[in-house]
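Accompanying notes for the structure given below.
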Amino acid sequence: MLIGCVGKANVGKSTFFKAATLAEVEIANYPFTTIKPNHGTGFVKVDCVDREFKVKCNPRFGYCLNGKRFVPVELMDVAGLVPDAHKGVGLGNQFLDDLNQADILIHIIDVSGSTNEKGESVQALSYDPANDIKFLEHELDMWYLRLIEKGWEKFARAVNQEKPELHKAVAKQLSSLRVSEELMNEVIKRLGLGSDITNWDKNTLLKIAIELRKETKPMIIACNKIDVPGAEKNFDKLKKEFNDYILVPCSAESELALREAAKHGLIDYIPGENDFKIKNEQLNEKQKNALDFIKNSIFKKYETTGVQEVIDKAVFDLLKYIAIFPGGINKLQDQHGNVLPDCFLMPENSTALDFAFKLHTDIGNNFVKAIDVRNKKPVGKDYLLKNRDVIEIATSK
Ligand SMILES: Nc1nc2c(ncn2[C@@H]2O[C@H](COP(=O)(O)OP(=O)(O)O)[C@@H](O)[C@H]2O)c(=O)[nH]1
Ligand SMILES: [Mg+2]
C-alpha cells in the first residue's frame with residue numbers, strides 16, 4: 001500500500017511528511033526499501049494485542065510504545081501540484097506518474113487560508129481553502145479525461161466492429177489508470193451508458209473520468225495549520241461543504257515539534273496521543289512556550305495534532321484495512337524468540353486463506369485450518385478476518 005501526500009506549495013506537505021516519518025525510537029528494519037528521495041516510512045497505530053496476552057512484543061518492523069503498535073506504511077511526498085499540471089505545466093507528468101502509483105491520497109490543505117492559489121503566503125483567512133479541494137479534484141479529473149481520450153476514437157470504432165464485452169474492453173483500454181473490469185462494469189451501469197460506444201460524447205467521457213477518479217484515488221483531507229487563530233471557522237465551513245470527505249484538523253508543525261522533543265528525550269510522547277509528559281526540566285523558555293501552546297491550542301480543542309489520525313483514518317476508515325497478528329496457540333514467538341513479531345495490514349473481507357497466502361505461498365497451498373488464537377477455536381479457510389485477530393495457520397506440511 002502506498003499513500004501519496006499531495007497539496008500545493010507551502011501548505012506544509014514537507015512538515016507533515018517529516019513529522020509522519022519521524023520515529024522516536026531507532027528502527028533497524030524497514031519492510032520496504034525506499035530508494036526514491038520522496039518516499040518514506042510512516043506508521044499506522046494499532047492497539048497491540050500484547051497486553052491482552054500478557055506478553056511484551058518484539059516487532060520485526062515498526063515499533064510498539066505502551067501497547068500502541070506502530071505498523072509501517074509507505075508514504076510518498078508528491079510535489080508539483082500546480083494549475084494545469086494535467087497539461088504538463090510544472091513537473092506535470094512526473095507529478096501525475098507519482099500520483100498514479102498511490103493507492104490513496106492525503107490531500108494537505110492550509111485551512112488557515114494563509115496560502116493563496118499560487119502557494120504564496122498571504123494574510124490568514126484571506127484565501128478560501130475550499131478552492132484547493134475543488135482544484136485538485138479538477139486537476140485529477142482532467143488528467144483522467146486526457147488519458148481516456150487518448151486514442152479513444154480509434155478504440156471506439158474497433159469496439160463497434162468487433163463487439164467485445166464492453167466493460168472488459170474499456171477496462172483494458174484504461175489499464176494505465178488501474179481500472180478493473182468489475183469497476184468499469186459498475187461505472188457503465190451507474191452512468192446508464194448505452195452499448196454503442198461511438199455515441200459516448202466528451203461529456204460522457206468526463207463523467208467516466210470523474211467516477212473512475214473517485215474510485216481509484218480515494219482521498220482524505222488533512223486541514224493543516226489549524227493552530228492559526230481563526231482557522232477553526234474555515235474548518236467548520238469545509239466540513240459542511242465537503243461532507244463526502246473525511247476532513248481532519250491538523251497541525252503538522254506541532255506534531256513535528258512533539259516528535260523531535262521526544263526523540264531528544266525532553267518529553268514522553270506517543271504519536272497521536274492527546275498528551276505528553278515533560279521528562280527534562282531543562283527546557284528553555286521557547287520550548288516551554290511551544291509545548292504550552294500545543295497543550296492549550298491543539299490538545300484542548302482537537303484532542304490530537306491530527307497527523308497520526310489522518311494516516312490511521314486513511315488506512316482503516318477510508319481504505320477499510322484491518323490489522324492481523326500471526327501467532328500460535330502454544331507460543332506467540334517466531335523461531336528467533338520474537339514475541340508477536342508481525343502485524344499485517346489486509347483489505348476488508350480478507351479470509352483466513354488470504355492471510356495464509358500473505359504469510360507465504362507454501363502456507364497458502366498447504367492450508368488445513370486456521371485457529372483463532374484468542375478463543376483457541378478452529379476456523380475454516382473462508383473465515384472473514386476481523387481487525388486485531390490473532391491467527392495461527394495449520395498446514396499439511
Ligand atoms: N502554523 C503552522 N505552520 C505550518 C504548519 N505546517 C507547516 N507550516 C509552515 O508552512 C510553511 C511551509 O511548510 P512546508 O512543509 O515547507 O510546505 P510545503 O511547501 O507544502 O512542503 C513553513 O513555514 C512551515 O513552517 C502548521 O501545522 N502550522
Ligand atoms: Mg515541500
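Read the numbers this way: they start at 1 and go in the same order the structure lists the ligands and their atoms. Given the structure is predicted, the values throughout are model-derived calculations rather than measurements.
- Within the 4.0 Å cut-off (strictly below), no protein heavy atom is located near atom 23 (O) of ligand 1.
- In terms of protein heavy atoms, atom 20 (O) of ligand 1 is closest to K13 N, 2.8 Å.
- For the pair K295 and F276, the cation-pi criterion (under 6.0 Å, within 45° of the ring axis) is fulfilled.
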Problem - Intermediate values then yes/no, side chain to side chain donor-acceptor pair (under 3.5 Å), T361 and N365 - result: CA-CA 6 Å; T361 318; N365 285 330; 5.9 Å; no
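- The protein heavy atom nearest to atom 28 (N) of ligand 1 is D227 OD1, 2.8 Å.
- Within the 2.8 Å limit, S14 places at least one N, O or S atom next to the Mg ion (ligand 2).
- With hydrogens left out, the protein atom closest to atom 17 (O) of ligand 1 is G12 N, 3.1 Å, a heavy atom.
- For atom 16 (O) of ligand 1, the closest non-hydrogen atom of the protein is S14 CB, 4.2 Å.
- For atom 7 (C) of ligand 1, the nearest protein heavy atom (residue, atom name, distance) is T15 OG1, 3.4 Å.
- Scanning all protein heavy atoms for the shortest distance to atom 11 (C) of ligand 1 gives N10 OD1, 3.6 Å.
- The aromatic rings of W200 and W152 lie parallel to each other, with less than 30° between the two planes, well short of the 60° mark.
- Looking only at protein heavy atoms, the nearest one to atom 25 (O) of ligand 1 is E253 OE2, 2.5 Å.
- The six-membered or imidazole ring of F43 lies near that of Y63, with a centre-to-centre distance under 6.0 Å.
- For the residue pair Q308 / D312, a side-chain donor-acceptor distance below 3.5 Å is found, with atom types taken as modelled.
- When heavy-atom distances to ligand 1 are checked against a 4.0 Å cut-off, N224 comes that close only through its side chain, counted from C-beta outward.
- Heavy-atom separations between G7 and ligand 1 are all 4.0 Å or longer.
- Looking at Q101, its side chain never comes within 3.5 Å of a backbone N or O of L2 through a donor-acceptor pair.
- At under 3.5 Å, not a single nitrogen or oxygen of A9, backbone or side chain, sits near a nitrogen or oxygen of ligand 1.
- The atoms of ligand 1 that sit less than 4.0 Å from any heavy atom of V228 are 1 (N).
- Of the N and O atoms on the side chains of S251 and D227, at least one donor lies less than 3.5 Å from an acceptor on the other residue.
- Contact annotation for I226 and ligand 1: no heavy atom of the residue comes within less than 4.0 Å of the ligand.
- The protein heavy atom nearest to atom 10 (O) of ligand 1 is K225 NZ, 3.0 Å.
- Using a cut-off of 4.0 Å between Lys/Arg side-chain N and Asp/Glu carboxylate O, K237 and E232 are scored as not salt-bridged.
- Note that the CD atom of E186 and the CD atom of E211 stand 9.0 Å from one another [nearest 0.5 Å].
- The closest donor-acceptor contact from the side chain of N100 to the backbone of L96 lies at 3.5 Å or more, if one exists at all.
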